[in-house]
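Just so we're on the same page: letters track the sequence lines, and every chain starts at 1.
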Amino acid sequence: MERVLRGNAWRFEGILDVDWEICPIHEMMNVTGGFGGTRRMSYEEQLRVLGTHCLTKVDADFPKKVRPGDFVVGGEGTGYGHDHDHACISLRGAGVGAVLCEATNSNFKRNAIHHGLPVVEIKGVMSRVKTGDELNVDLAGGTLKNVTTGAVLTFRPYPGFLLDILDAGGLYPQLRDEAKSGKYA
Amino acid sequence: MGLTMAEKILARAAGRARVEPGEIVTVEVGKAVLIDLSFVPTSFLRSEILRVKDPERVVIVFDHIVPARDVQSAEALKIGREVATRLGIRRFHDVGPDQGICHQIIADYGYAVPGTVLVCPDSHTCSAGAFNCAARGVGGPEAVYAACTGQTWFRVAPTIRYLLEGAPRFAVSAKDIFLHIAGTWGDHVNTNVEFTGPYAAAMTLDARRTLTTMCAEISAEFALFEADDKTIAHVRARTSEAFEPVAPDPDARYEDVRTIDVGAIDPMVALPDTVVRNTRPVAEVGDVAIHQAFVGSCANGTLDDLAMAARVVKGRRVAPGVRFIVTPGSQAIYLEALRRGLVRTLTESGAIVTSSTCGACAGLHLGALAAGEVCVTASTRNFKGRMGSPDAKVFIASPATVAASAVRGRIVDPRELLRRKRPARARSASAP
């Protein structure tokens, strides 16, 4: 993954619950066959299917409008709710490059990183970014530059080992690479 | 400035003298617990992982889909068995006498070691905090990663301390205390929770675990009790591992300290869809007719929970039109409940006692609800669709309240039934 991410912003106010606004839980259940589902579906297929439901509860056309690498910008309730990681698959499937928010919770942040999707908490992001703004986000440097307005915000940068997970595309791809190199053979 | 319990455990596991809230730290994982769902047919563990860092630090528990509900589940369980053999994992709880819901097994086999870190791909892993163990649920990939590498990472969170004081009223249990907390203070996102105080010390280990398990529902990071003589004796009897519990420093920094008089709490109920700021005393719930009642899960499948349910229904009948399902937390609890006559009492009343599984709690392979049905449950979660149809209504309560409601066919205060019993005759001092 490029460590400076570039894309345009899509700003969402209010709570973004993983099980509702980001991707309704029943869509995940349709994919897996319910909670604890064991239906076979490849990861690529999950990305495609869940991506078509991404944020449609707040913007019905979002999956059609968002371009690869664009940013979802949210408030303090971003990724609210349960530990269900289908929301992260949905965001990635829709092509979202990173989620930038005022605050989130550990479940969402951890799941997202492990699926290769950066979630960055940046104080003031909601007041300095509007939909359509062009943004540059430097994960290692800890800066967000709003190219459209010139505003610059800073955040606690990701430590190296998390950047490595993102570079690999998530935990499973990283584990797969490590397994291929004989680490767990 | 001193440290909280969570800060101390994370600092120790990170090989550091101290950690500060907000920091991200990599930590050594004491136990990585995998479950049956870790072995779905696309699982990574199926072929690519031939070795884990330390097989003694990996546990496998089958609980969500046992006995296999369909061919795909059966394939997952088969893969799990093959992986356990291939990776040399001795602590493997397959269908049989030592199987159970993973958090009950983690507690009963001493896998939750005080002062260490434990992860498992199930939301209610914070359960093991009752044993002074920094435990939390993680994603499926992360649990596999922790098993392979022996490490994971956490962002250190600030801590809220609860001081539990007083003695609970008749028929009020740990579940009611939790529902009081969830109703009063709501979510605890990005926050650790510590339970201390005289009543915390008086609680049984099972009751403590009900409280820590439920902290998943208020999104707490880690939910921790101090280790006292009860904890230490329990763990020592079950593991040969050396361990060193942690206690909070007197000058630890807390985001808030909240005192609860548990004696002021009545039997509580969570209304449908969430427990967060959505609970009230059972007397204020109004007249709610039910179709199903459930006692079980990692939060309320203990022997005490089954005994309470049996005590309430003894000599009574489950109301017509109500299914009362009871699921022991483990097969060992099932066996003990059988020995004590609890299974008989429950079954005679019209209840159904199932084998140990996450089953009905998660609307999996048994006890699912249809649209429009109402359930009162002593289990963990009640978000829309949790126990079956998204158009079902799920109320959460204690085992006593659930059992009483099963008898009445509507949600009632358990004291209505329990108080009508004649007092037991005094036993002689020499009685066992």
Side-chain angles (χ1 to χ4, degrees), chain A residues 17 19-20 24-26 28-29 32-43 45-46 76-77 79-85 88 103-116 121 156-162 165 170-180 182-185, chain B residues 22-26 36-37 39-42 44 47-53 64-65 69-76 121-123 136-142 144-145 148-149 151-155 157 187 189-190 216-217 219 221 274 358 362-365 368 381 383-386 388 390:
Chain A
D17 187 329
D19 286 341
W20 187 246
I25 186 71
H26 55 263
M28 186 277 277
M29 293 171 74
T32 59
F35 280 113
T38 50
R39 186 178 296 158
R40 286 167 194 266
M41 186 181 259
S42 71
Y43 193 69
E45 218 174 331
Q46 290 181 38
E76 295 195 342
Y80 176 85
H82 289 284
D83 54 339
H84 308 144
D85 63 353
C88 309
T104 185
N105 61 76
S106 285
N107 286 334
F108 182 63
K109 185 166 180 164
R110 297 172 78 79
N111 281 331
I113 290 168
H114 295 152
H115 280 284
E121 291 164 288
R156 194 188 277 249
Y158 271 35
F161 75 97
L162 290 186
I165 294 172
L171 258 192
Y172 268 174
Q174 188 185 50
L175 206 50
R176 179 163 286 136
D177 291 347
E178 289 179 357
K180 271 189 191 146
K183 193 167 174 188
Y184 309 108
Chain B
E23 270 188 278
I24 291 177
V25 292
T26 42
D36 44 14
L37 296 179
F39 304 101
V40 293
T42 49
F44 210 72
S47 54
E48 285 161 280
I49 301 297
L50 307 176
R51 187 167 59 83
V52 292
K53 178 96 185 297
H64 280 66
I65 48 175
R69 63 179 177 189
D70 54 21
V71 174
Q72 286 172 339
S73 306
E75 283 179 14
D122 183 274
S123 315
R136 66 160 287 152
V138 297
E142 185 179 350
V144 172
Y145 195 87
C148 290
T149 65
Q151 288 193 328
T152 192
W153 61 278
F154 292 111
R155 179 173 56 179
D187 255 331
V189 174
N190 292 330
E217 300 316 303
S219 303
E221 289 284 302
T274 181
C358 306
L364 294 168
H365 54 305
R381 300 191 138 166
F383 60 81
K384 266 187 207 302
R386 168 66 174 183

Most contacts with chain B, counted as non-hydrogen pairs under 4.5 angstrom, among A/Ser106, A/Ala103, A/Ala179: A/Ser106
Under 4.5 Å from a heavy atom of chain B, the part of A/Tyr80 involved: side chain
Go through it in stages, so that I can follow the logic: the residues are A/Lys109 and B/Asn190, the test is side-chain contact (heavy atoms from CB on, under 4.5 Å), and I'd like the CA-CA distance, side-chain angles, deciding distance and then a yes or no. CA-CA 11 Å; A/Lys109 185 166 180 164; B/Asn190 292 330; over 6 Å; no
Please flag which part of B/Gln151 lies under 4.5 Å from any non-hydrogen atom of chain A: side chain, backbone, both or neither. neither
Where on B/Glu221 is there a heavy atom nearer than 4.5 Å to chain A: the side chain, the backbone, both, or neither? side chain
By a 4.5 Å heavy-atom criterion (distance strictly below it), what part of B/Asp36 contacts chain A: side chain, backbone, both, or neither? neither
B/Arg136 vs A/Asn107, side-chain contact (heavy atoms from CB on, under 4.5 Å): CA-CA, chis, key distance, verdict: CA-CA 10 Å; B/Arg136 66 160 287 152; A/Asn107 286 334; 2.5 Å; yes
A/Arg156 CZ to B/Glu23 CD distance, which is reported to the nearest 0.5 Å: 7.0 Å
Where does B/Pro390 contact chain A at under 4.5 Å (heavy atoms): side chain, backbone, both or neither? neither
Most contact-rich option vs chain B, by heavy-atom pairs under 4.5 angstrom, among A/Thr104, A/Asp85, A/Asn111, A/Ile165, is A/Thr104
Just wondering, do A/Asn105 and B/Ser219 contact through their side chains at under 4.5 Å, heavy atoms? no
Under the criterion side-chain contact (heavy atoms from CB on, under 4.5 Å), I'd like the reasoning laid out for A/Leu171 against B/Val144: C-alpha separation, chi angles, the key distance, then a yes or no. CA-CA 9 Å; A/Leu171 258 192; B/Val144 172; over 6 Å; no
Side chain, backbone, both or neither: which part of A/Glu121 has a heavy atom under 4.5 Å from chain B? side chain
What distance separates A/Lys183 NZ from B/Leu50 CG, expressed to the nearest 0.5 Å? 14.5 Å
Which class fits the ring pair A/His114 and B/Trp153: parallel under 30°, tilted 30 to 60°, perpendicular over 60°? perpendicular
Toward chain A, the part of B/Phe39 with a non-hydrogen atom under 4.5 Å: neither
So, do A/Gln174 and B/Tyr145 sit near enough that their side-chain heavy atoms are less than 4.5 Å apart? yes
Determine whether A/Tyr184 and B/Thr149 satisfy the following criterion, side-chain contact (heavy atoms from CB on, under 4.5 Å), listing intermediate values before the conclusion. CA-CA 9 Å; A/Tyr184 309 108; B/Thr149 65; 3.1 Å; yes
Atom group of A/Phe161 that falls short of 4.5 Å from chain B, counting heavy atoms: side chain
Using 0.5 Å steps for rounding, measure from the NE2 atom of A/His82 to the OG1 atom of B/Thr274. 6.5 Å
Max heavy-atom pair count under 4.5 Å with chain A, selected residue of B/Ala157, B/Ala216, B/Cys358, B/Cys148: B/Cys148
